[in-house]
2 protein chains.
Amino acid sequence: MEALTIHEAAQTTGWSPRMLRYVERAGLVSARRSPSGYRLYGPAELQRLRTLRELLSRFDVGLAEMGFARRLRREPALRAAVDSWLAAQPRRPAHVAPGDWLRFEQDKHEKLLAA
Amino acid sequence: MEALTIHEAAQTTGWSPRMLRYVERAGLVSARRSPSGYRLYGPAELQRLRTLRELLSRFDVGLAEMGFARRLRREPALRAAVDSWLAAQPRRPAHVAPGDWLRFEQDKHEKLLAA
DNA sequence: CCAACCCTACCACGGTCGTGTCAATGTTCC
DNA sequence: GGAACATTGACACGACCGTGGTAGGGTTGG
């Protein structure tokens, strides 16, 4: 089985060994461990590390923000609350009376936060 | 027209005036301005401030994280990249051969990042 | 056995977040 | 016109983020 040590994985992915450990602690890319506790990076992890790196630099996003995105996708209640809060913001549709729109969104919030 | 000054809005929403200005600069809740430049908070803004406060404390989320969620929803390319990266993570379905699953996700990433 | 690697656990340091306070200046209202 | 508010800008400060380093101790392989 082809598996790279943390230093080798760093070389081929553009991260530093230090950052690979940090990325793992951030819950984004974990490596399996050898019997003695060494991190072992397989092709899947290497690919994930490369695309992660590309994503972060292309959009100027941080690891913490990726962590929050991950949280959004595994906590449906959080996602629903955030989504509905944000949905109530933008240019409200002109064909809905402002009062009605507001009441609609308020109700939605009450229901969601009551859960 | 019923509109509160920043101090009054603070009282009834649980924020401090300082934080109301901060929230505005974070792009989350803006107040319209009086002719002389004073912020004027209407019922809609007050409601949004209250629900925002509830959301943040209930889920232990920060303003910056809400800002990122907002970014996710208004930058489809970012959202697609983040979503697809995260989608490739969890326990991969056992009925798909690991190699195939990996290649599938890699292809998806290449297509998305090439856009 | 020894060099070269790995582990965790710390210290450091500039940057941002969340918050308060203070200063200098303009507005409202009695 | 003076008290009580508003504005922006700055300084401060503890907490966390991203990153590097170092230290003390285990593992691997020639």
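So that the names make sense, note that chain A is the first sequence line, chain B the second, and so on, each numbered from 1. None of the values given here were measured: they were computed from a predicted structure.
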J.: Closest nucleotide of DNA chain C for A:R33 versus for B:A26: which of these residues is on the 5' side?
T.: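 With A:R33 and B:A26 compared, the 5'-side residue is A:R33.
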J.: Is there a donor-acceptor contact under 3.5 Å from the side chain of B:E65 to the main chain of B:G62?
T.: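 Between the backbone of B:G62 and the side chain of B:E65 there is a qualifying donor-acceptor contact (under 3.5 Å).
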J.: Are A:V82 and B:F59 linked, directly or through intermediate hydrophobic residues, by side-chain heavy-atom contacts shorter than 4.5 Å (ILVMFWY only)?
T.: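 Linked within one cluster.
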J.: Is a side-chain N or O of A:R32 found less than 3.5 angstrom from the main chain of A:Y41, in a donor-acceptor match?
T.: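 A pair under 3.5 Å: no.
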J.: What integer distance in Å separates A:L28:CG from D:dC17:P?
T.: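 Checked: the CG to P distance equals 12 Å.
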J.: Roughly how far, to the nearest 0.5 Å, is CZ of A:R73 from CG of A:L78?
T.: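 Interatomic distance, A:L78 CG to A:R73 CZ, rounded to 0.5 Å: 13.0 Å.
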J.: Check the distance between C:dG20's P and B:I6's CD1 and give it to me in whole angstrom.
T.: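 The distance from CD1 of B:I6 to P of C:dG20 comes to 12 Å, rounded to the nearest Å.
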J.: What are the residues of residues 16-25 of chain B, sorted by number, that bring a heavy atom to within less than 4.0 Å of DNA chain D?
T.: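 Within this stretch, B:R21 sit under 4.0 Å of the strand.
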J.: Keeping B:Q47 on the side-chain end and B:A44 on the backbone end, is there a donor-acceptor pair under 3.5 Å?
T.: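 Looks like no, no N/O pair under 3.5 Å.
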J.: Hey, does the side chain of B:R79 reach the backbone of B:R74 with a donor-acceptor pair shorter than 3.5 angstrom?
T.: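 Not at all, since once roles are kept as given, no pair shorter than 3.5 Å links the two residues.
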J.: Using whole Å, what does the distance between atom P of nucleotide D:dG18 and atom CD of A:E65 come to?
T.: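 Result: 8 Å.
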J.: Once you round to the nearest 0.5 Å, how far does CZ of A:R48 lie from CH2 of B:W85?
T.: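 It comes to 3.5 Å.
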J.: Assuming nearest nucleotide by heavy-atom distance, tell me which of A:H7 and B:L63 is located more 5' along DNA chain C.
T.: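 Here A:H7 is the residue nearer the 5' end.
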J.: Quick one: what's the B/S/- string for nucleotides 24-30 of chain D, heavy-atom cutoff under 4.0 Å, read 5' to 3'?
T.: --BBS--
J.: Can you pull out every side chain to side chain donor-acceptor pair (under 3.5 Å) where at least one residue sits in residues 9-27 of chain B? Sequence neighbours excluded, please.
T.: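 Listed once each, the pairs are B:E24-B:R33, B:E24-B:R39.
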J.: For B:F68 and C:dG18, give me the distance from atom CZ to atom P, rounded to whole Å.
T.: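 To the nearest whole Å, that distance equals 14 Å.
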